[in-house]
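Because the structure is predicted, anything quoted here is derived from the model rather than measured. Residues take their numbers from the sequence shown, with the count starting at 1.
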Amino acid sequence: QVQLVESGGGLVQPGESLRLSCAASGSIFSINAMGWYRQAPGKQRELVAIIRKDGDTEYADSLEGRFTISRDYDKKSVYLQMNSLKPEDTAAYYCYGAIVRRFPRYESIYWGQGTQVTVAS
(Lines give C-alpha, C1' and ligand atoms only; values in the text may rest on other atoms or scores of the structure.)
Protein backbone atom coordinates (compact mmCIF):
# COMPACT_ATOMS: atom_id res chain seq x y z
CA GLN A 1 0.00 0.00 0.00
CA VAL A 2 1.15 3.51 -0.84
CA GLN A 3 0.24 6.36 1.45
CA LEU A 4 0.67 10.11 1.23
CA VAL A 5 0.54 11.99 4.51
CA GLU A 6 0.33 15.77 4.63
CA SER A 7 1.19 18.10 7.46
CA GLY A 8 1.74 21.78 8.07
CA GLY A 9 -1.70 23.23 7.57
CA GLY A 10 -3.24 25.64 9.98
CA LEU A 11 -4.74 29.04 10.55
CA VAL A 12 -2.73 32.08 9.51
CA GLN A 13 -3.41 35.73 8.89
CA PRO A 14 -3.28 37.31 5.44
CA GLY A 15 0.25 38.05 4.36
CA GLU A 16 1.80 35.33 6.49
CA SER A 17 3.55 32.20 5.32
CA LEU A 18 3.01 28.50 5.73
CA ARG A 19 4.92 25.42 4.64
CA LEU A 20 3.17 22.18 3.81
CA SER A 21 4.87 18.81 3.79
CA CYS A 22 3.89 15.49 2.29
CA ALA A 23 5.67 12.20 2.75
CA ALA A 24 5.08 9.13 0.64
CA SER A 25 5.51 5.68 2.07
CA GLY A 26 4.86 2.09 1.15
CA SER A 27 6.04 -0.28 -1.52
CA ILE A 28 7.25 2.37 -3.92
CA PHE A 29 9.30 1.63 -6.98
CA SER A 30 9.57 5.18 -8.23
CA ILE A 31 7.87 8.55 -8.00
CA ASN A 32 7.16 10.19 -11.31
CA ALA A 33 5.60 13.35 -9.92
CA MET A 34 4.36 14.82 -6.68
CA GLY A 35 2.41 17.94 -6.06
CA TRP A 36 -0.44 19.73 -4.43
CA TYR A 37 -4.07 20.28 -5.26
CA ARG A 38 -6.53 22.29 -3.27
CA GLN A 39 -10.27 22.37 -2.91
CA ALA A 40 -12.43 24.98 -1.29
CA PRO A 41 -16.07 24.31 -0.39
CA GLY A 42 -18.27 24.51 -3.46
CA LYS A 43 -15.33 24.65 -5.84
CA GLN A 44 -13.54 22.18 -8.05
CA ARG A 45 -10.30 20.65 -6.94
CA GLU A 46 -7.54 22.54 -8.70
CA LEU A 47 -3.87 22.03 -9.32
CA VAL A 48 -1.65 24.22 -7.19
CA ALA A 49 1.80 22.98 -8.09
CA ILE A 50 3.54 19.87 -9.30
CA ILE A 51 7.14 18.78 -9.53
CA ARG A 52 8.01 16.03 -11.96
CA LYS A 53 10.64 13.37 -11.90
CA ASP A 54 13.05 15.45 -13.94
CA GLY A 55 12.62 18.40 -11.58
CA ASP A 56 10.37 20.46 -13.82
CA THR A 57 7.69 22.36 -11.98
CA GLU A 58 4.27 23.66 -12.87
CA TYR A 59 2.17 26.18 -11.00
CA ALA A 60 -1.33 27.51 -11.21
CA ASP A 61 -1.35 30.94 -12.84
CA SER A 62 -3.43 32.33 -10.01
CA LEU A 63 -0.61 31.91 -7.49
CA GLU A 64 1.21 34.97 -8.82
CA GLY A 65 4.58 33.56 -7.87
CA ARG A 66 3.76 33.30 -4.17
CA PHE A 67 4.18 29.55 -3.83
CA THR A 68 7.22 27.36 -4.32
CA ILE A 69 7.23 23.59 -4.60
CA SER A 70 10.26 21.52 -3.74
CA ARG A 71 11.12 17.92 -3.03
CA ASP A 72 13.47 15.71 -1.10
CA TYR A 73 14.02 12.66 -3.24
CA ASP A 74 15.60 10.57 -0.49
CA LYS A 75 12.77 11.28 1.93
CA LYS A 76 10.10 10.75 -0.73
CA SER A 77 8.67 14.08 0.31
CA VAL A 78 7.33 17.16 -1.34
CA TYR A 79 6.92 20.61 0.17
CA LEU A 80 4.92 23.68 -0.62
CA GLN A 81 6.19 27.00 0.64
CA MET A 82 3.29 29.43 0.66
CA ASN A 83 4.09 33.10 1.07
CA SER A 84 1.92 36.19 1.14
CA LEU A 85 -1.13 34.10 1.81
CA LYS A 86 -4.51 35.47 0.87
CA PRO A 87 -8.00 34.56 2.05
CA GLU A 88 -8.67 32.99 -1.35
CA ASP A 89 -5.92 30.48 -0.58
CA THR A 90 -8.17 28.98 2.08
CA ALA A 91 -8.83 25.36 1.13
CA ALA A 92 -8.11 21.77 1.92
CA TYR A 93 -4.75 21.01 0.38
CA TYR A 94 -4.21 17.51 -0.93
CA CYS A 95 -0.92 15.90 -1.70
CA TYR A 96 -0.77 14.29 -5.12
CA GLY A 97 1.53 11.56 -6.25
CA ALA A 98 2.06 9.80 -9.56
CA ILE A 99 3.74 6.76 -8.12
CA VAL A 100 4.84 3.38 -9.41
CA ARG A 101 4.39 0.55 -6.94
CA ARG A 102 6.77 -2.35 -6.86
CA PHE A 103 3.92 -4.59 -7.89
CA PRO A 104 2.05 -4.14 -10.08
CA ARG A 105 4.72 -1.98 -11.59
CA TYR A 106 2.82 0.76 -13.28
CA GLU A 107 1.92 4.31 -12.43
CA SER A 108 -1.10 5.11 -10.33
CA ILE A 109 -2.35 8.35 -8.85
CA TYR A 110 -2.47 8.63 -5.08
CA TRP A 111 -3.95 11.27 -2.83
CA GLY A 112 -3.28 12.33 0.70
CA GLN A 113 -6.03 12.83 3.22
CA GLY A 114 -5.76 16.60 3.04
CA THR A 115 -4.58 19.33 5.36
CA GLN A 116 -6.62 22.44 5.99
CA VAL A 117 -5.19 25.87 5.31
CA THR A 118 -7.25 28.78 6.55
CA VAL A 119 -6.20 32.36 5.87
CA ALA A 120 -8.23 34.83 7.85
CA SER A 121 -7.88 37.82 10.11
Side-chain angles (χ1 to χ4, degrees):
Q1 182 178 351
V2 173
Q3 290 183 309
L4 302 176
V5 179
E6 306 103 326
S7 63
L11 173 64
V12 296
Q13 295 184 338
E16 294 183 345
S17 297
L18 206 59
R19 188 171 189 255
L20 305 183
S21 299
C22 174
S25 63
S27 299
I28 297 171
F29 177 78
S30 65
I31 298 175
N32 292 333
M34 293 186 73
W36 297 90
Y37 283 70
R38 66 186 181 186
Q39 187 169 24
K43 299 183 67 177
Q44 296 288 325
R45 185 173 297 189
E46 64 177 355
L47 174 69
V48 178
I50 187 170
I51 183 165
R52 297 185 172 89
K53 189 175 183 178
D54 59 3
D56 288 343
T57 57
E58 180 181 344
Y59 296 92
D61 291 339
S62 61
L63 300 178
E64 301 174 335
R66 297 178 296 114
F67 291 9
T68 302
I69 190 169
S70 61
R71 69 179 180 182
D72 186 322
Y73 186 85
D74 291 336
K75 294 182 178 179
K76 300 182 180 67
S77 296
V78 65
Y79 310 94
L80 185 68
Q81 179 67 43
M82 304 184 293
N83 297 326
S84 301
L85 284 163
K86 301 177 179 180
E88 52 261 43
D89 296 318
T90 296
Y93 284 70
Y94 295 90
C95 184
Y96 158 96
I99 296 171
V100 179
R101 292 186 65 185
R102 294 188 182 277
F103 184 85
R105 192 175 291 182
Y106 54 76
E107 181 183 287
S108 296
I109 304 302
Y110 297 89
W111 295 96
Q113 77 283 0
T115 185
Q116 180 68 35
V117 173
T118 302
V119 185
S121 300

List the atom of [X], the atom of [Y], and the distance in Å for their closest heavy-atom pair.
X   : Y    : result
Q1  : R101 : N-NH2, 3.3 Å
D89 : R66  : OD2-NH1, 2.7 Å
D54 : R71  : C-NH2, 4.2 Å
S17 : S84  : OG-N, 4.2 Å
A40 : T90  : CB-O, 3.7 Å
S70 : V78  : O-CG2, 3.2 Å

Rounded to the nearest 0.5 Å, what separation is found between the [atom1] atom of [X] and the [atom2] atom of [Y]?
X   : Y   : atom1 : atom2 : result
T57 : F67 : OG1   : CZ    : 14.5 Å
T68 : L80 : OG1   : CG    : 8.0 Å
I99 : K76 : CD1   : NZ    : 10.0 Å
Y79 : M34 : OH    : CE    : 9.5 Å
L47 : D61 : CG    : CG    : 10.0 Å
N32 : I50 : CG    : CD1   : 10.0 Å

List, one per line, each side-chain donor-acceptor pair under 3.5 Å for residues 19-30, sequence neighbours excluded.
none

Polar side-chain atom of [X] near backbone of [Y] as donor-acceptor pair, under 3.5 Å:
X    : Y   : result
Y59  : I69 : yes
E107 : A98 : no
Q39  : A91 : no

### Query
Out of V119, L85, N83, which one pairs with L18 under the side-chain contact (heavy atoms from CB on, under 4.5 Å) rule?
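That would be L85; it is the only one of V119, L85, N83 passing the side-chain contact (heavy atoms from CB on, under 4.5 Å) with L18.
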
If hydrophobic clusters are built by linking Ile, Leu, Val, Met, Phe, Trp and Tyr wherever their side-chain heavy atoms come under 4.5 Å apart, do [X] and [Y] end up in the same one?
X   : Y    : value
W36 : V12  : yes
Y94 : V117 : no
L63 : Y37  : no

### Message
Tell me if the centroids of the rings in W111 and Y96 come within less than 6.0 Å of each other.
### Response
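Ring centres of Y96 and W111 closer than 6.0 Å.
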
### Query
Under 4.5 Å between any side-chain heavy atoms of K53 and I31, yes or no?
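In short, these two side chains do not touch, never coming nearer than 4.5 Å.
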
### Message
Can you tell me which residue among R38, E6, Q116 is in a side-chain hydrogen bond (donor to acceptor under 3.5 Å, both in side chains) with Y93?
### Response
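Going through R38, E6, Q116 one by one, the side-chain hydrogen bond (donor to acceptor under 3.5 Å, both in side chains) with Y93 is satisfied by R38 alone.
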
### Query
Under 6.0 Å from the CD atom of Q44, do we count more than 12 heavy atoms belonging to anything else shown?
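Counting other residues, nucleotides and ligands, CD of Q44 stays at 12 neighbours or fewer.
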
